[in-house]
Amino acid sequence: MRREIPHVGVFRTLFCAPWRFCGGGAVLMAATLGGQSPRLGTIAFPAAGSGEAQTAFVEGVLFLHSFEYGSAATAFRRAQVADPGLAMAYWGEAMTYNHPLWSQWDDVAARAVLQRLGASAAERRARAPTHREQMYLDAVEALWAEGSKPVRDTAYADAMARLVAAHPDDDEARTFYALAILGLSGSTRVVPSYMRAAALAQEVFARQPNHPGAAHVIIHAFDDPTHAPLGLPAARAYSQIAPDAAHAQHMTTHIFVAMGMWDDVVSQNEVAAGLTHWGPGHYTSWLLYGQLQQGRLDVALEQLERARRDMPAGARGGQRGYLAMMRAHYVINSERWDSPVLAWPMDLADVGLMTRAMDVFTFGFAAERRGDMSGARERLTTLRGMVADDGPERVRALALLLEGAIARRAGEIETAVRLMREAAAIEEAVPAEYGPPDVVKPSHELLGEVLLDAGRYAEARGALLAGLRLAPGRRLAERALAAATARQATR
């Protein structure tokens with residue numbers, strides 16, 4: 001199977017899962033100043049090639065560690081030109097077509113790279129002059145063999161485990177093995193696997209505090225509210241390790257969002273967007289979400305409008321999807337239920353189901369808040385149809401929340417509370433999210449607001465505290481919690 005990987009300079013258009021956008025907003029050709037090498041961190045990864053080829057090869061690996069795949073491929077191809085016999089340069093370029101944490105791969109392109117090295121796996125292996133390099137080639141052969149991607153991912157991870165066992169001092173092998181373990185989980189957070197990967201990466205990071213791959217894996221392993229404090233040292237370090245990699249600047253904010261550190265979320269995504277673009281994308285969507293949590297609503301609106309202005313004509317579905325998500329977060333978090341942004345025409349026919357569900361929910365919830373019950377019910381019908389289409393559990397949560405909001409408007413408080421508790425149970429049961437939430441109005445937060453309005457202050461506090469454990473620092477939840485606490489104290 002092949003999943004398209006976009007070319008350098010365009011948005012990534014696929015998903016971490018069938019419903020969730022992820023990855024960098026655009027593939028970055030790293031900034032260079034005066035022809036100097038980009039600042040990407042420090043590794044020791046010898047390969048049997050000439051000096052010029054070795055330099056380009058190491059640059060490619062550094063880009064690879066920061067998921068700057070287009071730039072990595074360019075560097076590996078430079079290494080191949082400098083030394084066509086450098087087998088590891090072909091290994092590296094083939095690796096750029098596997099994006100394990102984004103569920104993206106291009107086996108056709110990767111196999112074409114390997115064919116340039118040799119016509120068969122045995123011939124390619126013979127081009128590697130050391131046992132260690134042969135084991136790297138064995139691993140990439142397993143990754144791009146025939147068969148289903150999960151089977152190949154498992155075979156690749158097993159091959160990397162053998163490489164680590166055979167060469168325990170090879171920190172590059174250890175780092176790529178840690179990433180392979182994360183990749184086995186697909187887009188689902190499997191905590192034991194994530195902790196295994198973190199343990200491997202932390203060993204490398206302790207020995208090599210300027211290693212970009214080790215810091216990167218640690219952040220991915222710990223980017224949920226429960227574990228995020230463990231990833232804070234790596235997050236603080238990573239932006240300094242690889243200042244010319246946009247994804248490294250953004251990646252730190254996986255930890256910052258999970259800890260509600262909004263000033264850091266905003267500042268780092270401003271840097272990442274400045275290194276790439278300001279149109280709708282991964283970095284700008286996280287930037288806007290941070291601005292909203294800071295309470296800078298007008299600044300967030302300016303960012304949303306800028307993203308729309310900077311979206312090119314004929315934009316891909318990924319870009320339009322990001323703009324829809326940004327609009328949804330803006331409307332819900334600003335509580336501007338009649339905002340002119342709701343009138344923006346958007347074609348979302350080719351974007352993911354979760355993004356379309358967020359958009360439908362936002363229009364339905366805004367309609368309910370304005371008292372437009374016909375519009376709210378129409379959107380509820382649409383959401384129910386998405387659930388019937390075997391949508392993810394978070395789509396069902398959105399439908400329950402909108403149904404609960406409609407019940408609240410009708411004065412059916414117990415029905416509203418029941419529906420919202422059901423939605424909250426879904427959010428509790430699914431793996432923790434990272435980044436701006438797909439349930440754009442978190443279930444516990446809305447439940448807490450309903451209970452607060454009903455004068456049930458202790459219950460409201462319980463719901464809001466539960467929500468803040470899942471999404472620390474959310475401005476609206478903290479506002480409602482403060483109100484519930486104050487009113488309970490004066491009872």
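Since the model is a prediction, treat every value here as computed from it, not as a measurement. Any value given below was found using the heavy atoms of this structure, including those in side chains, with hydrogens, waters and symmetry copies removed.
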Between [X] and [Y], is there a donor-acceptor pair closer than 3.5 Å when you use the side chain of the first and the backbone of the second?
X: S339; Y: V341; result: yes
X: D372; Y: A367; result: no
X: S71; Y: E68; result: no
X: W278; Y: R309; result: no
X: Q268; Y: V265; result: no
X: S267; Y: D263; result: yes
X: H99; Y: W102; result: no
X: N269; Y: A272; result: no
X: Q249; Y: S239; result: yes

N-O pairing of [X] and [Y] below 4.0 Å:
X: R189; Y: E433; result: no
X: K149; Y: D107; result: no
X: E445; Y: K441; result: yes
X: R370; Y: E335; result: no
X: R77; Y: E93; result: yes

Can a side-chain donor-acceptor contact be found between [Y] and [X] if the only test is distance below 3.5 angstrom?
X: H216; Y: Y238; result: yes
X: H254; Y: H220; result: no
X: R327; Y: Y322; result: no
X: R336; Y: Y330; result: yes

*Do R384 and E378 pass the salt bridge (Lys or Arg N to Asp or Glu O under 4.0 Å) test, and can you show the C-alpha distance, the side-chain angles, and the key distance before you say yes or no?*
CA-CA 10 Å; R384 285 172 171 165; E378 178 183 347; over 6 Å; no

_Audit row: E478, R475, salt bridge (Lys or Arg N to Asp or Glu O under 4.0 Å) steps and yes/no_ = CA-CA 5 Å; E478 290 192 333; R475 181 179 63 90; over 6 Å; no

Identify the two heavy atoms, one from [X] and one from [Y], that lie closest to each other, and give their separation to 0.1 Å.
X: T284; Y: A273; answer: CG2-CB, 4.1 Å
X: M95; Y: L143; answer: SD-CD2, 4.1 Å
X: M420; Y: S443; answer: O-CB, 4.2 Å
X: M259; Y: A228; answer: CG-CB, 3.6 Å
X: W144; Y: A94; answer: NE1-O, 3.3 Å
X: A407; Y: T415; answer: CB-CG2, 4.0 Å

Measure the [atom1]-[atom2] distance between [X] and [Y] for me, rounded to the nearest 0.5 Å.
X: L353; Y: L348; atom1: CG; atom2: CG; value: 11.5 Å
X: E403; Y: L398; atom1: CD; atom2: CG; value: 13.0 Å
X: I426; Y: L401; atom1: CD1; atom2: CG; value: 8.5 Å
X: L101; Y: L179; atom1: CG; atom2: CG; value: 5.5 Å
X: D224; Y: L230; atom1: CG; atom2: CG; value: 9.0 Å
X: L452; Y: L464; atom1: CG; atom2: CG; value: 7.5 Å

*asked:* Could you walk me through whether M346 and R320 satisfy the side-chain contact (heavy atoms from CB on, under 4.5 Å) test, starting with their C-alpha distance in whole Å, then the side-chain angles of each, then the deciding distance to 0.1 Å, before giving a yes or no?
replied: CA-CA 7 Å; M346 288 191 197; R320 287 181 275 108; over 6 Å; no

*Could you check if a side-chain atom of W262 sits within less than 4.5 angstrom of a side-chain atom of F256, using non-hydrogen atoms only?*
no

*Tell me, do F222 and P229 make a side-chain contact under 4.5 Å, heavy atoms counted?*
no

*Would you call the rings of H65 and F176 parallel, tilted or perpendicular, where under 30° means parallel and over 60° means perpendicular?*
parallel

*Applying side-chain contact (heavy atoms from CB on, under 4.5 Å), run through T253 and L287 and close with a yes or a no.*
CA-CA 10 Å; T253 65; L287 169 59; over 6 Å; no

*asked:* salt bridge (Lys or Arg N to Asp or Glu O under 4.0 Å), that's the test. Do E449 and R408 meet it? Break it down for me.
replied: CA-CA 11 Å; E449 291 171 350; R408 171 186 59 178; 5.2 Å; no

*asked:* Could you go through L64 and Y69, starting from their C-alpha distance and side-chain angles, then the distance that decides it, and tell me whether this counts as side-chain contact (heavy atoms from CB on, under 4.5 Å)?
replied: CA-CA 6 Å; L64 193 59; Y69 293 112; 3.7 Å; yes

*Show your reasoning for whether side-chain contact (heavy atoms from CB on, under 4.5 Å) applies to F361 and V395.*
CA-CA 9 Å; F361 172 85; V395 174; over 6 Å; no

_Contacts of P233 that satisfy side-chain contact (heavy atoms from CB on, under 4.5 Å) - sequence neighbours left out_ = none

*Among R377, R409, R379, which one satisfies salt bridge (charged side-chain N to carboxylate O under 4.0 Å, His left out) with E368?*
R409

